[in-house]
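Both ligands and their constituent atoms are indexed starting at 1 by order of listing. Here the structure is a predicted model, which means the values were calculated and not measured.
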Amino acid sequence: MKRSQTVRMQVQRVVLNSRPGKNGAPVPEHFRLEQVTLTPDLKDGEVLVRTLYLSVDPYMRCRMNEDTGAEYLTPWQLSECVDGGGVGVVESSRCSSCIVGDVVTSFNWPWQTCAVITGSGLQKLDPQLVDGHLSYFLGAVGMPGLTAMLGVREKGHVTKGAKQTMVVSGAAGACGSIAGQIGRLEGCVRVVGICGSDEKCKALVEDLGFSAAINYRHEDVPARLKESCPDGIDVYFDNVGGAISDSVIAQMNKGGHVILCGQISQYNKDVPYPPPLSEEIQENLRSKNITRERFMVLNYMDKTDAALWELSQWVKSAQIKVLETVVNGIENMGVAFCSMMTGGNIGKQIIKISE
Ligand SMILES: NC(=O)C1=CN([C@@H]2O[C@H](COP(=O)(O)OP(=O)(O)OC[C@H]3O[C@@H](n4cnc5c(N)ncnc54)[C@H](OP(=O)(O)O)[C@@H]3O)[C@@H](O)[C@H]2O)C=CC1
Ligand SMILES: CCCCCC(=O)/C=C/[C@@H]1[C@@H](C/C=C\CCCC(=O)O)[C@@H](O)C[C@H]1O
């Protein structure tokens, strides 16, 4: 008698081990690595994917809470596999839209070395768009690049010939590093970055073409802003919120624009999003007629394809330079996430899972 053999694979995955609480910093021990057995018997519509790259992003801090504070973010569940942005390759398929060898992505990729996924939840990627640098799909030619480009275009009011000065906080990160370069490409005459180390400041000015950079940890931010923005500030791409943003807003010109992209300095605190501004800052915005509109890249999905193509052309032609910090191994997901949350990354934080 012939017995059918069930193939079993040993895979590694990361689950949420515990929650930091709304007022607490995440540590790697909030995550746990597990070995599980996968039986890749595919059902109709399913594909087996091998993970190539995973992303860690600030919004994930909100998913560590039972209540994420945002209607579009679901909480991660204790002892369940964590998910987020990922890129991988199809190893076998019972889905009509995916074939073996396809490079695919999802916002809800499990933190798992190989996984069985519903094919309809995957988007196909064209590796030529990134000249084979597949991790760029999680950064400059992915969600952070889109955030930078569409944020500047939808909320920044950058106008060629208007001699505008742009300031970017979180400037050496995934979104900030691209936003500053786009500000320059779209016509700002001066682009100043604020970030957390001298090494990052050097990269912004010497590699990415920022006009100046300020290390908020060691420098007097208001004084350095005055010096590096002699004509005031017209556009502020805000990734961080808190005291840094208060200092920038205080030096903005009449009719200026704040692109409210993120407020990472407040994500370990039990405050609503966006966190409330002081009366003084609100009055500053009002009296100078400065707009401060919340930007959310998920609201512009109809513009994604065209914007990704444009980003890819800018990257290919080196008009946009890409910075990445790459860590190897799924066992380092928690460490990489916590490092990104505390400034360990220059450019996009990527975790390489397999070749
Ligand atoms: N609105 C939208 O659609 C989207 C918004 N975002 C937001 O954009 C921002 C940047 O995200 P992303 O580019 O992915 O991440 P980054 O690559 O910029 O990584 C996060 C960076 O934040 C900085 N940071 C951490 N804590 C603080 C603090 N207390 N004060 C100042 N800076 C801090 C660190 O850099 P440093 O060394 O400079 O401190 C760190 O490297 C986040 O606020 C995120 O939530 C991201 C994607 C989409
Ligand atoms: C309340 C915190 C807001 C932080 C701003 C920010 O970083 C927003 C990021 C989103 C992010 C959302 C990601 C996935 C959605 C699905 C997650 C789920 O719960 O299943 C990004 O991918 C697009 C940005 O708008």
For this output row, return yes or no: ring centroids of W314 and W309 closer than 6.0 angstrom. no

R184/E186 salt bridge by N-O under 4.0 Å criterion: no

Short list, please: which atoms of ligand 1 are under 4.0 Å from a heavy atom of A174? 13 (O), 16 (P), 17 (O), 18 (O)

Say whether Y59, considering both its backbone and side-chain N or O atoms, lies within less than 3.5 Å of an N or O atom on ligand 1. no

Considering both backbone and side-chain atoms of Y267, is one of its nitrogen or oxygen atoms within less than 3.5 Å of a nitrogen or oxygen in ligand 1? yes

Min heavy-atom dist C261 to ligand 1 below 4.0 Å: yes

Of all the atoms in ligand 1, which lie at a distance below 4.0 Å from a heavy atom belonging to Q263? 43 (O)

Can you list the ligand 1 atoms lying under 4.0 Å from a non-hydrogen atom of V240? 31 (C), 32 (N)

Heavy atom under 4.0 Å from ligand 1: found in M143's side chain, backbone, both, or neither? side chain

Looking at ligand 1, is there an atom of it that comes within less than 4.0 Å of some heavy atom belonging to K348? no

So if I count the atoms of ligand 1 from 1 in the order they appear, which ones are less than 4.0 Å from some heavy atom of K200? 35 (O), 36 (P), 37 (O), 41 (O)

Can a side-chain donor-acceptor contact be found between Y236 and D238 if the only test is distance below 3.5 angstrom? yes

Close-contact set for ligand 1 against R217 heavy atoms, below 4.0 Å: 39 (O)

Would you call K348-D57 a salt bridge at under 4.0 Å N-O? yes

If you count the non-hydrogen atoms of other residues, nucleotides and ligands that lie under 6.0 Å from CD in E66, is the total more than 12? no

Would you mind listing which atoms of ligand 1 come within a distance below 4.0 Å of any non-hydrogen atom of C175? 13 (O), 46 (C), 47 (C)

Is L260 in polar range of ligand 1, meaning some N or O pair under 3.5 Å apart? no

Around K22, counting heavy atoms of other residues, nucleotides and ligands shown, do more than 12 lie under 6.0 Å from its NZ? yes

Ion pair check, K352 and E355, cut-off under 4.0 Å: yes

So between P58, S177, G173, A243, whose heavy atom ends up nearest atom 15 (O) of ligand 1? P58

Indicate yes or no: does an N/O atom of S197 lie under 3.5 Å from an N/O atom of ligand 1? no

Run the salt-bridge test on E310 and R153 with the 4.0 Å N-O cut-off and return the result as yes or no. yes

V297 heavy atoms, cut-off 4.0 Å: which ligand 1 atoms fall inside? 2 (C), 3 (O)

Give a yes-or-no answer on whether the side chains of R63 and T74 include a donor-acceptor pair shorter than 3.5 Å. yes

Hey, is ligand 1 close enough to C195 that some N/O pair sits below 3.5 Å? no

Short list, please: which atoms of ligand 1 are under 4.0 Å from a heavy atom of N345? 16 (P), 17 (O), 19 (O), 40 (C), 41 (O)

Is there any N or O on I244 that sits under 3.5 Å from an N or O of ligand 1? no

Under 6.0 Å between the ring centres of Y300 and F295? yes

Is a salt bridge present between K163 and D234, judged by a nitrogen-to-oxygen distance below 4.0 Å? no

